[in-house]
Amino acid sequence: MRRLGLGAMRLTGTRPFHDGAPRDPATALRVVRRALQLGVDHVDTAAFYFSSRVSANQVLATALSTAPEVTVATKVGPARDRDGRWTEPAGPDQLRGQVEENLRQLGRDRLDLVYLRVSDPGSLAERLGVLRDLVTEGLIGHLGVSGVSLEQLDEARSTAPVVAVQNRLAPDLPGDLDVLERCGELGIAFVPFFSVAGAGRHHGPVQADPVVAAVAGRHGVTDAQVRIAWTLALGPHVLAIPGTGDLRHLEQNVAAASVRLTDADLRDLATEQRVVAR
Ligand SMILES: NC(=O)c1ccc[n+]([C@@H]2O[C@H](COP(=O)([O-])OP(=O)(O)OC[C@H]3O[C@@H](n4cnc5c(N)ncnc54)[C@H](OP(=O)(O)O)[C@@H]3O)[C@@H](O)[C@H]2O)c1
């Protein structure tokens, strides 16, 4: 798999789950098709990525119907009702239903990678036990966890084989660096989200940051491209999944994989985050 993939959340709207404009399904489809043309071979999605006009999973089902080799990662745990309101996260009894919903929407027999998105400090063992059984049944290929502390990662790994962690991290959005490092030691993937949006998070657009802007100026690239290059420089175990619903941004994001930041750039960016990039 290439290290630069596509985050599907922004296909649905400019400010998912907030007051942003929903995107139109035709544009969303064009973005995914162009991503595939440019060599993107993995996408990150969820059944709860939908707006009044676009369901990310349905767009992916259409775009990937002729590209079954593309790896799809999805998430279970959080839930929204038909009107888009957040409801109680899935407990162990609801997880199978969420997996089946993803399979149905994506039109696949098996989900390549399923993250358990955790939003509470409670034990993960029971929920991951359910998902581990679905791996055994062949409905899921691999398991990941998202939004976890180091302790939760250790607990998860004692319950089920975990191949990836998806946590938030950006130059201007501190994350748990111990988890980034532990993933490297374990040889499992670390997949940061909000790396481009940074401190702007759900609210987009990309947060202006003076250090990022200075590095971008030195390379003649955009701030978003610096943020993606920084993500990829965090380590060989790190994958980038920049989210966009905009064709021009998509092309810039794919091109960012070729931006090589210098040690001096990384030192400057590390002053923000205190990340020692490898
Ligand atoms: N596990 C979790 O809890 C969790 C949470 C959030 C997201 N995610 C996943 O992680 C992916 C990435 O996160 P994200 O999409 O929220 O944020 P992101 O990738 O950090 O940033 C997306 C924001 O940056 C803008 N953007 C993207 N490329 C740009 C460019 N080249 N120039 C200028 N602006 C650009 C997007 O606007 P445009 O759309 O207009 O380009 C959007 O506002 C998501 O798509 C989703 O798959 C996971």
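Whatever order the structure lists ligands and atoms in, that order sets their numbers, starting from 1.
The option with the heavy atom closest to atom 48 (C) of ligand 1, from among His249, Arg168, Gln166, is Gln166.
Rounded to the nearest 0.5 Å, atoms CD1 (Ile228) and CG (Asn253) are 3.5 Å apart. A distance of 14.5 Å separates CG in Asn102 from CZ in Arg110, rounded to the nearest 0.5 Å.
In this structure, Arg23 has a heavy atom closer than 4.0 Å to ligand 1.
Ligand 1 has a nitrogen or oxygen under 3.5 angstrom from a nitrogen or oxygen of Asn253. Residue-to-ligand polar distances place Asp44 within reach of ligand 1: an N/O pair is separated by less than 3.5 Å. Checked by distance only, ligand 1 and Tyr49 come closer than 3.5 Å through their nitrogen or oxygen atoms. The shortest N or O to N or O distance between Val196 and ligand 1 is below 3.5 Å. The shortest N or O to N or O distance between Thr45 and ligand 1 is not under 3.5 Å. Considering both main-chain and side-chain atoms, Thr222 never comes within under 3.5 Å of ligand 1 through any nitrogen or oxygen pair. The N/O atoms of Pro242, backbone and side chain alike, include none that comes under 3.5 Å of an N/O atom in ligand 1. Of the polar atoms of Ala224, none of the N or O atoms is found under 3.5 Å from an N or O of ligand 1, judged by distance alone. Residue Ala197 places at least one N or O, backbone or side chain, under 3.5 Å from an N or O of ligand 1.
Heavy atoms only, all atoms of each residue included: Ala189 and Cys183 are closest at O-SG, 4.1 Å. Shown here for Val148 and Val179, the closest heavy-atom pair between the two residues is O-CG2, 3.8 Å.
Between the side chains of Ser123 and Glu155, at least one donor N or O lies within less than 3.5 Å of an accepting N or O. A donor and an acceptor atom, one from each side chain of Glu101 and Asn57, are nowhere located under 3.5 Å apart. Judged by distance alone, the side chains of Asn167 and Asp176 never bring a donor and an acceptor atom under 3.5 Å apart.
In summary, the atoms of ligand 1 found under 4.0 Å from a heavy atom of Phe194, numbered by their order in the structure, are 6 (C), 13 (O), 16 (O), 17 (O), 20 (O). Every atom of ligand 1 with a heavy atom of Gly245 under 4.0 Å away is listed here by number and element: 39 (O). Residue contact check: Ser195 has heavy atoms under 4.0 Å from atoms 20 (O) of ligand 1. Shown in contact with Arg117 at under 4.0 Å from a heavy atom are these atoms of ligand 1, numbered in order with element: 1 (N), 2 (C), 3 (O). Residue Lys75 approaches ligand 1 through these ligand atoms, each under 4.0 Å from one of its heavy atoms: 1 (N), 48 (C). Each of the atoms 45 (O), 47 (O) of ligand 1 lies under 4.0 Å from some heavy atom of Ala8. Counting atoms of ligand 1 from 1 in the listed order, those under 4.0 Å from a heavy atom of Met9 are 6 (C), 7 (C), 16 (O), 44 (C), 45 (O), 46 (C), 47 (O). Which parts of ligand 1 touch Ile241 is read off a 4.0 Å heavy-atom cut-off, strictly below it: atoms 9 (C), 10 (O), 11 (C), 12 (C).
For His142, the NE2 atom counts as loosely surrounded, since its 6.0 Å shell holds 12 or fewer non-hydrogen atoms of other residues, nucleotides or ligands.
Formation of a donor-acceptor pair under 3.5 Å by the Arg127 side chain with backbone atoms of Leu116 is not found in this model.
A salt bridge is defined here as a Lys NZ or Arg NE, NH1 or NH2 lying under 4.0 Å from an Asp or Glu carboxylate O, and Glu137 with Arg96 meets this definition. A salt bridge links Arg227 to Asp172: at least one charged side-chain nitrogen sits closer than 4.0 Å to a carboxylate oxygen.
Below 30°, between 30° and 60°, or above 60°: for Tyr49 and Phe17 the angle between ring planes is between 30° and 60°, a tilted geometry.
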